[in-house]
Trainee: 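I'd like to ask you about the structure that follows.
The residues of the chain are indexed from 1 along the displayed sequence.
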Amino acid sequence: MSGDDWNRQELARFLRSRRGRVSPDQVGLPTGGHRRTKGLRREEVAVLAGLSPTWYTYLEQGRDIRPSTQVLDSLARVLGLTEDERRYMHTLAHGQVANPQPLEPELAAGEVMRGLVELMRRHEYPVYATNIYCDVLAWNPAAAEWYDDWGAMPQEQRNFLRWVLLSPLARDRLPDWEEDTRDLVARWRSEVARWPGDERMQARIAEFAKASQAFTRFWREHDVQEHRALTRVVNHPRLGTRKLRIILLLSPDEPKVGAVIHYPMDA
């Protein structure tokens, strides 16, 4: 059995198991009469999700059909799936998750990564938390030393890519400014692709394009770079030029926020 075949069969088994745990009264259906099926019937799930009963039956039979992300999210709503389960269903159907949501909704946005940055306040190299829009959400004192005083900026200007593109200080701190900026834009392009339809993301692209000819040039090159560890040369005002290793830490708890940690190459 191929990987695609296994995924279709596993998706079918998963849907049947989730359907079986939802009672009619949970979704506002009458519970009277004899029901041979534990949980909801297939046709009930289909109607509640706005699907053809025949098409949904094919999906539960593991046939070679491709449910859209919208259909999967509709099924997740009807079946009362958790975010873990919704992500699993997306992965089975498409190999990746569309629009992941926080696993712990009660967490404040960025709380996990902000806590990590706070834990590393005394780290002598930059640590900061950033979101998918490149906003700098939290930083240790070293991040202000090595890059810029984020706390002195208006909140709406605390954006790392914006700083690199527009701040004269960025060109001083980053001796390989053009190469670093091209790399940042390429990495952000891969991030943008993970959030189709995000209006704030599209607005941010338009903002950068209007403000920076360099961004427009790099964006039109369509270079793409996945997030990975990288080496960056940075000019420190007291310590001079240093080569730093940079890693991005991500957590499934907060899919829109990551922590960027620097350390010296000779560590």
Side-chain angles (χ1 to χ4, degrees), residues 110-192 194 204 207-208 211-219 221 223-251 254-267:
E111 183 177 337
V112 171
M113 293 304 173
R114 288 174 192 268
L116 177 61
V117 172
E118 180 62 28
L119 187 67
M120 302 185 72
R121 282 191 60 79
R122 296 188 179 184
H123 185 56
E124 58 185 315
Y125 294 95
V127 180
Y128 58 86
T130 183
N131 61 17
I132 61 173
Y133 312 104
C134 303
D135 299 323
V136 179
L137 306 178
W139 58 92
N140 68 349
E145 273 190 38
W146 284 84
Y147 289 114
D148 206 341
D149 187 357
W150 305 102
M153 302 177 190
Q155 185 172 350
E156 66 274 9
Q157 294 182 16
R158 295 173 192 164
N159 182 282
F160 194 81
L161 184 51
R162 184 183 190 279
W163 177 81
V164 170
L165 290 167
L166 301 179
S167 173
L169 183 60
R171 294 178 182 255
D172 177 66
R173 295 294 169 87
L174 303 175
D176 301 326
W177 180 87
E178 180 151 342
E179 179 182 340
D180 289 336
T181 306
R182 178 179 277 108
D183 178 77
L184 282 167
V185 172
R187 289 167 184 268
W188 194 50
R189 178 179 283 280
S190 71
E191 188 65 50
V192 169
R194 295 185 177 93
R204 187 55 52 85
E207 172 193 340
F208 292 153
S212 169
Q213 292 182 352
F215 175 83
T216 300
R217 175 161 55 93
F218 297 147
W219 190 255
E221 289 175 357
D223 289 341
V224 179
Q225 181 82 273
E226 277 291 327
H227 290 305
R228 65 186 70 170
L230 72 145
T231 301
R232 179 180 294 157
V233 178
V234 184
N235 284 329
H236 190 279
R238 289 185 297 101
L239 303 177
T241 302
R242 296 294 176 87
K243 186 177 288 188
L244 303 180
R245 192 69 168 164
I246 303 175
I247 59 173
L248 173 65
L249 296 183
L250 300 171
S251 169
E254 294 180 325
K256 292 188 176 183
V257 181
V260 181
I261 299 178
H262 300 57
Y263 61 89
M265 286 293 293
D266 56 358

Trainee: P154: which residues meet the side chain to side chain contact (heavy atoms under 4.5 Å, CB included) condition with it, sequence neighbours left out?
Mentor: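 P154 satisfies side chain to side chain contact (heavy atoms under 4.5 Å, CB included) with E156, Q157 once adjacent residues are dropped.
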Trainee: Taking all non-hydrogen atoms of both residues into account, name the closest pair between L166 and S212 and its distance.
Mentor: CD2-CB, 4.2 Å
Trainee: Show every donor-acceptor pair shorter than 3.5 Å between a side-chain atom in residues 238-249 and any protein atom, with sequence neighbours excluded, or say none if there are none.
Mentor:
{"unit_1": "R238", "atom_1": "NH2", "unit_2": "E145", "atom_2": "OE1", "d": "3.2"}
{"unit_1": "T241", "atom_1": "OG1", "unit_2": "N235", "atom_2": "OD1", "d": "2.3"}
{"unit_1": "R245", "atom_1": "NH1", "unit_2": "T231", "atom_2": "OG1", "d": "3.0"}

Trainee: Rounded to the nearest 0.5 Å, what separation is found between the CH2 atom of W139 and the CG atom of D148?
Mentor: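 That separation rounds to 10.5 Å.
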Trainee: Partners of S190 by side chain to side chain donor-acceptor pair (under 3.5 Å), sequence neighbours excluded?
Mentor: none
Trainee: Is any side-chain heavy atom of V164 closer than 4.5 Å to a side-chain heavy atom of W177?
Mentor: yes
Trainee: Just by distance, do the side chain of R173 and the backbone of W146 share a donor-acceptor pair under 3.5 Å?
Mentor: yes
Trainee: Not counting sequence neighbours, which residues clear side chain to side chain contact (heavy atoms under 4.5 Å, CB included) with R187? List them please.
Mentor: D183, Q225, H227, R228, L230
Trainee: For Y128, check side chain to side chain donor-acceptor pair (under 3.5 Å) against everything at least two apart and list the hits.
Mentor: none
Trainee: Residues in salt bridge (Lys or Arg N to Asp or Glu O under 4.0 Å) with R204, at least two apart?
Mentor: D135, E207
Trainee: Which heavy atom of G258 sits nearest to which heavy atom of L250, and what is that distance?
Mentor: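 That would be CA-CD2, 3.8 Å.
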Trainee: Tell me every residue that passes side chain to side chain contact (heavy atoms under 4.5 Å, CB included) with R189, counting only those two or more places apart in sequence or in another chain.
Mentor: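 Per chain and number, R189 pairs via side chain to side chain contact (heavy atoms under 4.5 Å, CB included) with W219, H222, V224.
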Trainee: Check side chain to side chain donor-acceptor pair (under 3.5 Å) between W150 and all other residues, then give those that pass, not counting sequence neighbours.
Mentor: none
Trainee: What is the distance from atom CG of L165 to atom CG of L184, rounded to the nearest 0.5 Å?
Mentor: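 With rounding to 0.5 Å, CG (L165) is 8.0 Å from CG (L184).
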Trainee: Who are the side chain to side chain contact (heavy atoms under 4.5 Å, CB included) partners of E221, not counting sequence neighbours?
Mentor: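 E221 satisfies side chain to side chain contact (heavy atoms under 4.5 Å, CB included) with R182, R217, F218, D223 only.
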Trainee: Once rounded to the nearest 0.5 Å, what's the spacing between atom CD of Q155 and atom CG of L137?
Mentor: 9.0 Å
Trainee: Considering only residues two or more places apart or on different chains, which pairs with a residue in residues 117-126 satisfy side chain to side chain donor-acceptor pair (under 3.5 Å)?
Mentor: none
Trainee: List for me each residue that meets ring-ring contact (aromatic ring centres under 6.0 Å, His included) alongside F208, sequence neighbours excluded, and say none if there are none.
Mentor: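 For F208, the residues satisfying ring-ring contact (aromatic ring centres under 6.0 Å, His included) (neighbours in sequence not counted) are W188, F215.
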Trainee: When you look at F160 and V260, which way does the side chain to side chain contact (heavy atoms under 4.5 Å, CB included) test go after all the steps?
Mentor: CA-CA 11 Å; F160 194 81; V260 181; over 6 Å; no
Trainee: Any side-chain heavy-atom pair from V234 and L174 closer than 4.5 angstrom?
Mentor: yes
Trainee: Just verifying a value: how many Å separate K256 NZ and I132 CD1, rounded to the nearest 0.5 Å?
Mentor: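 Answer for the NZ-CD1 pair, K256 versus I132, is 5.0 Å.
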Trainee: Taking only residues two or more places apart in sequence or in another chain, which ones pass side chain to side chain donor-acceptor pair (under 3.5 Å) with S251?
Mentor: D253
Trainee: Would the distance check show the side chain of D176 and the main-chain N or O of R232 forming a donor-acceptor pair, the cut-off being under 3.5 Å?
Mentor: no
Trainee: In sequence, state the C-alpha distance, the side-chain angles, and the governing distance for M153 and V136, and then conclude on side chain to side chain contact (heavy atoms under 4.5 Å, CB included).
Mentor: CA-CA 11 Å; M153 302 177 190; V136 179; over 6 Å; no
Trainee: Ion pair present between R194 and E191, side-chain N to carboxylate O less than 4.0 angstrom?
Mentor: yes
